Number of protein chains: 2
Amino acid sequence: MNDSSKPDELVLGVLGGMGPEATADFLSKLVAATPVEFEQQHLRVLVDSNPKVPNRNQALSGQGESAGPVLASMARGLERSGADFLVMACNTAHAFEADIVAAIGVPFVSMIDEACDACERAYPGSRIGVLAAQGCIDAGLYQNAFARRGRGVVLLATDDQLRFMNLLIRVKQGDLSNEVTSTMQRLGELLIAAGADIVVAACTEVPLVLRDGDLSRPLFDPTMNLAQRCVQYARHLEAIPTRARVHN
Amino acid sequence: MNDSSKPDELVLGVLGGMGPEATADFLSKLVAATPVEFEQQHLRVLVDSNPKVPNRNQALSGQGESAGPVLASMARGLERSGADFLVMACNTAHAFEADIVAAIGVPFVSMIDEACDACERAYPGSRIGVLAAQGCIDAGLYQNAFARRGRGVVLLATDDQLRFMNLLIRVKQGDLSNEVTSTMQRLGELLIAAGADIVVAACTEVPLVLRDGDLSRPLFDPTMNLAQRCVQYARHLEAIPTRARVHN
């Protein structure tokens with residue numbers, strides 16, 4: 001290895017596959033977020049893209065098996081393979097963060113905490129709209145994370161949340177059509193009409209069909225933010241935060 | 001695990017990061033190539049995206065260290081982590097295929113052999129133009145693979161090959177602009193003018209900027225083809241071919 005390989009850089013481990021297209025999107029955003037002059041300066045990333053993880057929304061509604069044991073096993077595998085810190089390219093699966101953290105000796109960087117911190121920095125005092133899967137809402141992931149920072153969030157009404165879930169299924173089936181985008185846009189605008197100053201794309205499928213600029217207010221992308229944070233941590237430009245562990 | 005997790009499906013291991021955007025592209029094409037009704041039917045994929053692999057073009061021109069040992073170590077790691085068969089999302093790195101195969105006990109599926117087989121099936125008797133990196137050409141990877149099938153290939157002239165290499169560097173730096181696409185298009189058309197009936201995008205960076213339909217003749221994408229073949233092999237719809245090992 002020569003200097004360019006930066007052996008002191010941290011190796012990133014990614015729990016992925018939930019869904020697999022969102023993992024590809026995360027990897028692509030990680031490439032875009034990494035300033036390089038030549039290829040060897042990009043980060044080394046170990047990925048376990050495992051779509052077989054039990055359905056998180058079903059598990060969190062009490063209708064399916066927990067995703068925790070599978071995620072813990074994936075995390076252990078990534079650590080064993082040489083990952084120095086782990087992230088997960090799925091918001092809802094963070095409901096099982098405690099299982100993951102208990103299984104590993106390396107740091108786990110929460111996509112949700114990073115998103116909330118970044119929103120606080122970029123949009124202080126704003127009202128936050130959250131487009132999230134039902135399981136993510138049931139587990140209170142964004143509501144609690146923003147509440148710990150003294151902020152409330154705006155969610156979709158029950159009927160619209162159902163529409164959102166049906167839309168997610170279409171995105172997960174590969175439908176990235178303009179029709180899906182415009183429906184997603186309408187749902188985002190409902191949050192804005194309900195008082196949101198910014199909208200958080202709090203499910204990794206959302207940024208596959210909706211981009212910042214598609215709404216009348218800013219759209220915050222936790223996937224892109226996580227990618228940017230990973231570069232800072234891997235290159236030791238910032239220390240990985242030690243957070244008080246939240247029990248799920 | 002329930003029925004939907006298909007435990008008899010093979011786990012795919014991917015040697016990637018050469019470059020990292022091409023690996024994300026492969027993963028995205030794998031998702032697109034997998035017929036599913038719900039997320040859990042997608043394949044499990046373990047990825048070592050390692051951009052620190054020594055520059056293949058320099059190694060193959062005798063000006064840099066071999067990529068073989070690093071690739072062999074990555075392959076061993078993927079096998080140890082549970083991959084049932086391996087592929088590599090980089091054409092040129094197949095010059096080190098022998099190092100990889102010697103290091104593992106699971107099958108390695110060659111992107112290049114799969115591409116040549118598919119070209120034979122889809123375009124029998126056609127003259128094949130090859131847009132490949134210098135190292136890939138120096139190692140004779142596509143020339144030899146097509147020669148074993150009784151076919152010759154059309155390559156770029158030296159000056160144009162240099163233009164192609166400079167273009168690859170821009171793609172690897174993240175420049176996916178229309179200007180890069182149109183220059184790539186012109187290079188593809190030069191192969192067609194020299195007699196090619198189809199053009200093989202024989203470097204994983206090419207399909208990042210050029211699609212089938214962008215040229216006056218078909219563009220064959222080995223990345224997409226490999227993704228499609230992986231689905232067949234992982235689901236036991238076809239047996240992984242046992243090939244006579246070619247010594248590099």
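In what follows, chains are A, B, ... by sequence order, proteins preceding strands, each numbered from 1. For the numbers below, each heavy atom of this structure counts, side chains included, while hydrogens, waters and symmetry mates do not. Note that the structure is predicted; figures quoted are calculated from it, not measured.
We find the CZ-CD distance between A/Phe108 and A/Glu97 to be 5.0 Å, quoted to the nearest 0.5 Å. B/Leu46 CG to A/Ser81 OG: the interatomic distance, rounded to the nearest 0.5 Å, is 7.5 Å. Taken from CD in A/Gln161 to CG in A/Leu131, the straight-line distance is 8.5 Å, to the nearest 0.5 Å. In this structure, B/Asp214 CG and B/Met184 CE are separated by 11.0 Å, a value rounded to the nearest 0.5 Å. Residue A/Leu162 holds its CG atom at 12.0 Å from CG of A/Leu167, rounded to the nearest 0.5 Å. Between B/Leu43 atom CG and A/Ser49 atom OG the span is 9.0 Å, to the nearest 0.5 Å.
Looking only at heavy-atom pairs under 4.5 Å with chain A, the residue among B/Met18, B/His42, B/Glu39, B/Glu21 that has the most is B/Glu39. Per-residue counts of heavy-atom pairs under 4.5 Å with chain B were compared for A/Gly17, A/Gly16, A/Pro20, A/Ala24; the largest is that of A/Pro20.
With respect to the salt-bridge test (charged N to carboxylate O, under 4.0 angstrom), the residues B/Asp48 and A/Arg44 qualify. Salt bridge status for A/Lys52 with B/Glu9: present, with a side-chain N to carboxylate O gap under 4.0 Å.
For a residue to count as touching a neighbouring chain, one of its non-hydrogen atoms must lie under 4.5 Å from one of that chain's; by this rule A/Leu78 does not touch chain B.
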Show, in sequence, the C-alpha distance, side-chain angles and deciding distance for B/Arg163 and B/Asp160, and conclude whether the salt bridge (Lys or Arg N to Asp or Glu O under 4.0 Å) test is met. CA-CA 5 Å; B/Arg163 270 181 213 110; B/Asp160 297 318; 2.5 Å; yes
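When the heavy atoms of residues 25-34 of chain B are compared with those of chain A, the residues falling under 4.5 Å are B/Leu27, B/Ser28, B/Val31, listed by number. Residues of residues 83-91 of chain B never come closer than 4.5 Å to chain A when only heavy atoms are counted. Using a 4.5 Å heavy-atom cut-off against chain A, the contacting residues of residues 170-178 of chain B are B/Lys172, B/Gln173.
Side-chain contact check for B/Thr183 versus B/Phe164: every heavy-atom pair is 4.5 Å or farther apart.
A donor-acceptor pair under 3.5 Å is formed between the side chain of A/Asp212 and the backbone N or O of A/Leu219. Using a distance-only test at 3.5 Å, with no hydrogens or angles considered, a donor-acceptor pair links the side chain of A/His236 to the main chain of A/Asp8.
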Under 3.5 Å, sequence neighbours excluded: what are the donor-acceptor pairs made by side chains of residues 67-76 of chain A?
none

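Counting only N and O atoms by type, the side chains of B/Thr204 and B/Thr223 include no donor and acceptor under 3.5 Å apart.
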